[in-house]
Amino acid sequence: MSISVHTARSVRILGVASASAALALGVAGNAFACNISEFSAIAKCDGEKGVISVTDKDPSGTPATVTVYLGDKVIGSQDVVGSREGVTVDFSEDWAPNATYRVHVKAGKLVDEDVKPDVTTPGEACKTEPTPTPTPPASETPTPSEPAATPTPSASEPEESATPTPSASASESTPGAPADSVPTPAGGSSNLAETGASSNTGVIAGIAAALVAVGGGAVFFGLRRRGASSNS
């Protein structure tokens with residue numbers, strides 16, 4: 001049975017289309033497959049601690065194992081499932097400045113190699129926050145001492161008068177009393193002349209009057225005797 005030319009042409013076109021579709025699918029599969037270019041790593045500080053961070057941006061979500069090395073020493077190993085937005089895993093490491101770390105990725109049969117380039121730490125270590133110096137407490141203001149209480153006299157002791165009592169020698173004279181009754185500082189009566197009569201003025205005046213009377217009588221008696229003599 002012979003095949004017509006038309007049928008043969010149709011089969012040929014169908015085969016070419018199938019091959020093209022298979023090639024496109026293969027390319028698309030390779031485009032979405034996990035590869036090392038989708039991994040990146042950096043060294044940073046998380047507060048006072050050093051960290052090696054690895055990010056997986058594999059849109060296919062292929063599970064992978066990430067291992068970090070410092071020379072031949074394994075720092076740590078973690079599993080990660082990437083995404084188009086990226087998934088990050090951190091490895092705590094007290095790294096030294098300018099140190100080089102190697103990051104290896106193993107994802108089934110698709111990836112088994114190191115992330116390029118290697119991770120080089122910054123030139124300065126993570127800074128430690130200085131411990132604040134405690135502020136000494138403010139000195140307490142001294143409380144002024146209370147004044148001493150005035151002692152209260154006991155019942156057996158008489159209270160002293162606030163006003164001093166003048167002595168007998170300094171007592172004031174009673175208003176209306178004669179001036180001569182005021183004692184002198186020496187204790188006797190003063191005989192010095194003062195304004196007004198003293199206590200001896202009357203006696204002296206009486207004696208003077210008597211003397212004047214006696215003298216007058218004597219003169220009168222003498223003149224009378226002289227007159228009598230002349231008449232005789």
Joint cluster assignment, Ile42 & Val80, ILVMFWY side-chain distance < 4.5 Å: no
Under the side-chain contact (heavy atoms from CB on, under 4.5 Å) test, residues paired with Ser37 that sit two or more places apart: Asn35
With Thr120 via side chain to side chain donor-acceptor pair (under 3.5 Å) - residues at least two apart: none
Within one Ile-Leu-Val-Met-Phe-Trp-Tyr cluster: Ile36 and Val89, side-chain cutoff 4.5 Å: yes
Apart from Val81 itself, residues in the same hydrophobic cluster as defined by side-chain heavy atoms under 4.5 Å: none
Heavy-atom closest contact (Lys57 atom, Glu85 atom, distance): CE-O, 3.9 Å
Derivation of the side chain to side chain donor-acceptor pair (under 3.5 Å) call for Ser53 and Thr88: CA-CA 7 Å; Ser53 293; Thr88 300; over 6 Å; no
Whether over 12 other heavy atoms sit under 6.0 Å from Asp90 CG: yes
With sequence neighbours excluded, residues passing side-chain contact (heavy atoms from CB on, under 4.5 Å) with Ile207: Val203, Leu211
Rounded distance [0.5 Å steps], CG in Asp56 versus SG in Cys34: 6.0 Å
Anything under 3.5 Å between a donor and an acceptor, one on a side chain of residues 64-73, the other on a protein residue two or more places apart or in another chain? List them.
residue: Thr65; atom: OG1; partner: Asp79; partner atom: OD1; Å: 2.8
residue: Thr67; atom: OG1; partner: Ser77; partner atom: OG; Å: 3.1

Trp95 side chain vs Lys44 backbone, donor-acceptor pair below 3.5 Å: yes
Side-chain heavy-atom pair Glu38, Pro59 within 4.5 angstrom cut-off: yes
With Lys116 via side-chain contact (heavy atoms from CB on, under 4.5 Å) - residues at least two apart: Asp114, Asp118
Spacing of Glu48 atom CD and Cys126 atom SG [to the nearest 0.5 Å]: 9.0 Å
Taking every non-hydrogen atom, the tightest pair across Gly123 and Asn98: CA-OD1, 3.5 Å
With Ala99 via side-chain contact (heavy atoms from CB on, under 4.5 Å) - residues at least two apart: Tyr101, Thr121
For Ala41 against Val115, the heavy-atom pair lying closest together: N-CG1, 4.4 Å
Lys106 (side chain) donor-acceptor with Gly108 (main chain) under 3.5 angstrom: yes
With sequence neighbours excluded, residues passing side chain to side chain donor-acceptor pair (under 3.5 Å) with Asp112: His104
Euclidean distance, Ile75 CD1 relative to Asp94 CG, rounded to 0.5 Å: 10.5 Å
Minimum side-chain heavy-atom gap Val54-Phe91 below 4.5 Å: yes
